[in-house]
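The structure presented is a predicted model; accordingly, all values stated were derived computationally and were not measured. Chain letters run A, B, ... following the sequence lines, proteins first and then strands; every chain starts at 1.
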Amino acid sequence: MHKHTPKIRPESALKGARPLLRRFFDRDPRAVARELLGKLLIRREDAGLIAGRVVETEAYIGVGDAAAHSAAGLTKRNAVLFGPPGYAYVYFIYGNHYCLNVSCLPDGEAGGVLFRALEPVLGLQAMASHRGLELSADLRVTQLRMLTSGPGRMAEALKVTRDRDNGKDLTDPAGSDLWLADDGFRPDRVSVTPRIGITKAADEPLRFVIAGNPFVSGKRG
DNA sequence: GAGGAGATCGTCT
DNA sequence: GACGATCTCCTCT
């Protein structure tokens, strides 16, 4: 296995990336979670763009999934999951961290996908700044992993918060500063495992990762 | 490198 | 009043 080299690209390279359409999200969260692997999550800031490639996701099924926030029915917090597809559901957890999801399935049906890890692509200095880290000049993978390998970390790197982003349309780069896009990249191989950090329905194979990618969360990629 | 505990607060019971 | 879709730091090996 040869050493993984991050592909850091100039901002102009994202111009060919097509925003994902609403219908992409209008289906089973398991299909959305799998097909989101390799897509780009892009944040627009005054100082420029921040972008990462999605390398790890988890599906949360609206109905019959005890681990999903929508399991107990509609509440003020989880309302976005019950709304139309393609919108950001952001929640605050453990008194410390935000996590980003995207709603799936038609309006009225709950379901979502949790973004768990990104491979940094653009705006690495901004990500490091938001995380309170300083990048060394050689951009070692071990350093870059600290930026976006984990749901809380990637949310902080992109400055995702509930106040700022919950309910935001993730299919609309013209009207939104956070969206998803396809630049044609396709993962070679996808692995499916149980979800992380939950106690209910913990055995279901609903976590999707790009096999061998070093930016997947955990001790090793 | 593995394992454990604390941080810290919104949400629902 | 309990707990959680996490992270970091500390200790022990």
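With Asn78(A) contributing its side chain and Leu81(A) its backbone, the two residues share no donor-acceptor pair below 3.5 Å.
Consecutive Watson-Crick or G-U pairing (both distances under 3.5 Å) extending over three or more pairs maps onto DNA chain C as B:1-7 with C:6-12, B:9-12 with C:1-4.
With P as the reference atom, dA5(C) and dG3(B) are 22 Å apart, rounded to whole Å.
Heavy atoms from other residues, nucleotides or ligands lying under 6.0 Å from CG of Asp107(A) number more than 12.
Distance CG (Leu147(A)) to P (dT6(C)): 19 Å, rounded to an integer number of Å. A straight line from CD1 of Ile198(A) to C1' of dA5(C) spans 7 Å, rounded to a whole angstrom. Atom-to-atom, CD of Glu56(A) to C1' of dT6(C) comes out at 13 Å; the value is rounded to the nearest Å.
Here the closest heavy-atom approach between residue Leu14(A) and residue Leu40(A) is recorded as CD2-CD1, 3.6 Å. Between Ala157(A) and Thr148(A), the shortest heavy-atom distance links the atoms CB-CG2, 3.8 Å. Minimum heavy-atom separation, Leu21(A) to Thr171(A): C-CG2, 4.2 Å.
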Footprint string (nucleotides 2-13 of chain B, 5' to 3'): B base within contact, S backbone only, - free, heavy atoms under 4.0 Å: S----BBBSSS-
Could you encode protein contacts along nucleotides 8-13 of chain C as a string, one character per nucleotide from 5' to 3', using B for base contact, S for sugar-phosphate-only contact and - for no contact, with a heavy-atom cut-off of under 4.0 Å? S-----
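When Lys159(A), Arg43(A), Arg44(A) are each tested for a side-chain hydrogen bond (donor to acceptor under 3.5 Å, both in side chains) with Asp177(A), only one passes: Arg43(A).
Evaluation of the ring pair (Phe, Tyr, Trp, His ring centres under 6.0 Å) test over residues 27-76 of chain A, restricted to residues two or more places apart or in two chains, returns His69(A)-Tyr89(A), His69(A)-Tyr91(A). Applying the salt bridge (Lys or Arg N to Asp or Glu O under 4.0 Å) test to pairs two or more places apart or on separate chains, those with a residue in residues 12-25 of chain A are Arg22(A)-Asp169(A).
Taking CD of Glu134(A) as the reference point, atom CD of Gln125(A) lies at 8.5 Å (rounded to 0.5 Å).
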Exercise answer: donor-acceptor pairs, residues 190-201 of chain A side-chain atoms, under 3.5 Å, sequence neighbours excluded:
{"residue": "Thr193(A)", "atom": "OG1", "partner": "Arg207(A)", "partner atom": "NH1", "Å": "2.9"}
{"residue": "Arg195(A)", "atom": "NH1", "partner": "Ala59(A)", "partner atom": "O", "Å": "3.0"}
{"residue": "Arg195(A)", "atom": "NH1", "partner": "Asp65(A)", "partner atom": "OD2", "Å": "2.8"}
{"residue": "Arg195(A)", "atom": "NH2", "partner": "Asp65(A)", "partner atom": "OD1", "Å": "3.0"}
{"residue": "Arg195(A)", "atom": "NH2", "partner": "Ala201(A)", "partner atom": "O", "Å": "3.3"}

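Where stacking is scored as ring centres under 5.5 Å apart with planes under 30°, Tyr60(A) registers as stacked on the base of dA5(C).
Side-chain contact of Ser136(A) with Asp138(A): a donor-acceptor pair under 3.5 Å is present, judged by distance alone.
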